[in-house]
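Working notes for the structure below.
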Amino acid sequence: MGFWDDVERHMVRYSGAGRFTPEVIVRAEGSYLFSESGRRILDFTSGQMSAILGHSHPDIVATLRRQAATLDHLFSGMLSHPVVDLARRLAESLPDPLEKVLLLTTGAEANEAAIRMAKLVTGKHEVVSFARSWHGMTQAAANATYSSGRKGYGPAVPGNFAIPVPFGADGELDWQRQLDLSFDLVDAQSVGALAACIVEPILSSGGVIDLPLGYLAALRDKCHERGMLLILDEAQTALCRTGTWYAFERDGVVPDILTVSKTLGAGLPLAAVVTSTEIEETAHERGYLFFTTHVSDPLVAAVGNTVLDVLERDKLDLRAAESGAFLKDGLRELASRHETVTDVRGRGLLVGLELTSDELGAAVTRKCLELGLHMNVVQLPGMGGVFRIAPPLTATRQELAEGLDILDRALASVS
Ligand SMILES: Cc1ncc(COP(=O)(O)O)c(C=O)c1O
């Protein structure tokens with residue numbers, strides 16, 4: 001039996017309507033994937049938006065070798081140096097009062113822990129999030145997720161409310177009025193138990209939508225007026241991806257709880273919840289429980305420390321800003337020649353390229369893969385297909401230019 005026969009026979013199809021990528025990847029290095037058939041494919045999604053240092057970064061490989069051979073995993077109540085070092089270093093990279101850290105494994109898990117903490121600390125249970133959000137597949141995270149996957153899984157958790165994403169053509173959207181009306185609706189529906197609002201500073205699965213400047217501060221005020229905590233989910237945007245260490249820095253807004261995940265492990269399963277001493281204190285007094293098998297695991301915490309080392313040493317925040325500007329210029333140039341491209345947006349190296357239709361997006365994705373470029377397109381009602389372009393922060397100019405060239409050819413051949 002061949003590989004694809006085994007896939008057909010044994011693999012659960014877990015991606016909704018999506019299919020498995022028709023390539024078998026046997027090796028990955030830097031910005032490239034290498035297939036069994038001998039093809040070299042440029043990875044413009046950093047794996048699943050996680051491998052910010054590219055694949056098999058030598059420093060990460062060295063840390064994994066060393067740490068796996070010395071201290072891999074412990075009883076969940078035991079702490080170790082890599083864990084406490086990472087907690088301190090994350091706190092040092094963040095503004096006050098964010099200084100208490102919980103180290104976990106995935107984005108959904110971190111959001112689960114954050115929402116659970118917000119409920120315990122406020123003594124309430126209602127949660128507000130964007131109508132195009134993606135916060136993960138576990139219960140509280142999935143119930144705050146509206147971009148897909150809501151149908152067919154039984155009753156939703158009571159007290160989850162969606163608000164519209166502030167997105168519209170430049171200058172056309174009165175987002176303050178939209179936000180006011182959104183909270184009028186939330187207030188009307190609430191049973192008086194609003195606990196938290198969880199949002200991404202740039203909606204990624206929602207179509208790479210950056211929040212208008214000022215929105216996050218206004219949202220924080222709406223939350224605090226109601227005694228709600230603001231949770232920022234920086235799964236994709238934290239740790240230099242958008243040209244700053246954290247996306248929220250642009251807005252000068254500090255969340256009550258921050259979650260980071262994908263980019264922290266740079267390809268390995270590591271996530272963190274960060275909050276203030278005050279919130280942690282109240283949570284602890286009330287018996288906060290989030291005891292998992294892989295909480296505070298030394299192996300991936302050591303990787304997290306190395307990720308921070310490389311980001312700092314190689315100034316990858318600046319590099320992401322510069323590479324992002326180069327990439328966006330190139331994409332705007334493509335947009336000027338291809339009528340099928342309707343928008344280029346995003347921040348740093350998280351860039352969205354919108355096409356006129358989602359069928360076109362799927363066809364361009366296929367053609368890119370054929371030509372040696374892996375791209376991911378999101379398909380959302382009311383929007384064409386949107387490519388989420390997020391190469392590793394370590395990608396070179398030459399690699400970015402190669403990706404632009406392939407995309408150019410794919411757009412030309414498909415339209
Ligand atoms: C913003 C955001 N939050 C949470 C998640 C969930 O992370 P994970 O798949 O690691 O559980 C994702 C994953 O795509 C995400 O993009």
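Whatever order the structure lists ligands and atoms in, that order sets their numbers, starting from 1.
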| note | Closest non-hydrogen contact found for I198 with S129 is O-CB, 3.3 Å
| message | By the side-chain hydrogen bond (donor to acceptor under 3.5 Å, both in side chains) test, which pairs, at least two apart or in different chains, include something from residues 223-241? | response | S46-R241, N111-D233, H135-D233, D187-R226, S204-Q236, H224-D256, E234-T237
| said: Going by salt bridge (charged side-chain N to carboxylate O under 4.0 Å, His left out), name the residues that satisfy it together with D314, two or more places apart in sequence or in a different chain. | reply: none
| field | Donor on one side chain, acceptor on other, Q178 and D174, under 3.5 Å | value | no
| task | Output yes when R88 and D85 qualify as a salt bridge under the 4.0 Å nitrogen-oxygen rule, no when they do not. | result | yes
| note | Near ligand 1 (heavy atom, under 4.0 angstrom), the protein residues are T106, G107, A108, N111, W134, H135, G136, E200, D233, A235, Q236, K262
| By side chain to side chain contact (heavy atoms under 4.5 Å, CB included) - contacts of E99 (at least two apart) | A91, T277
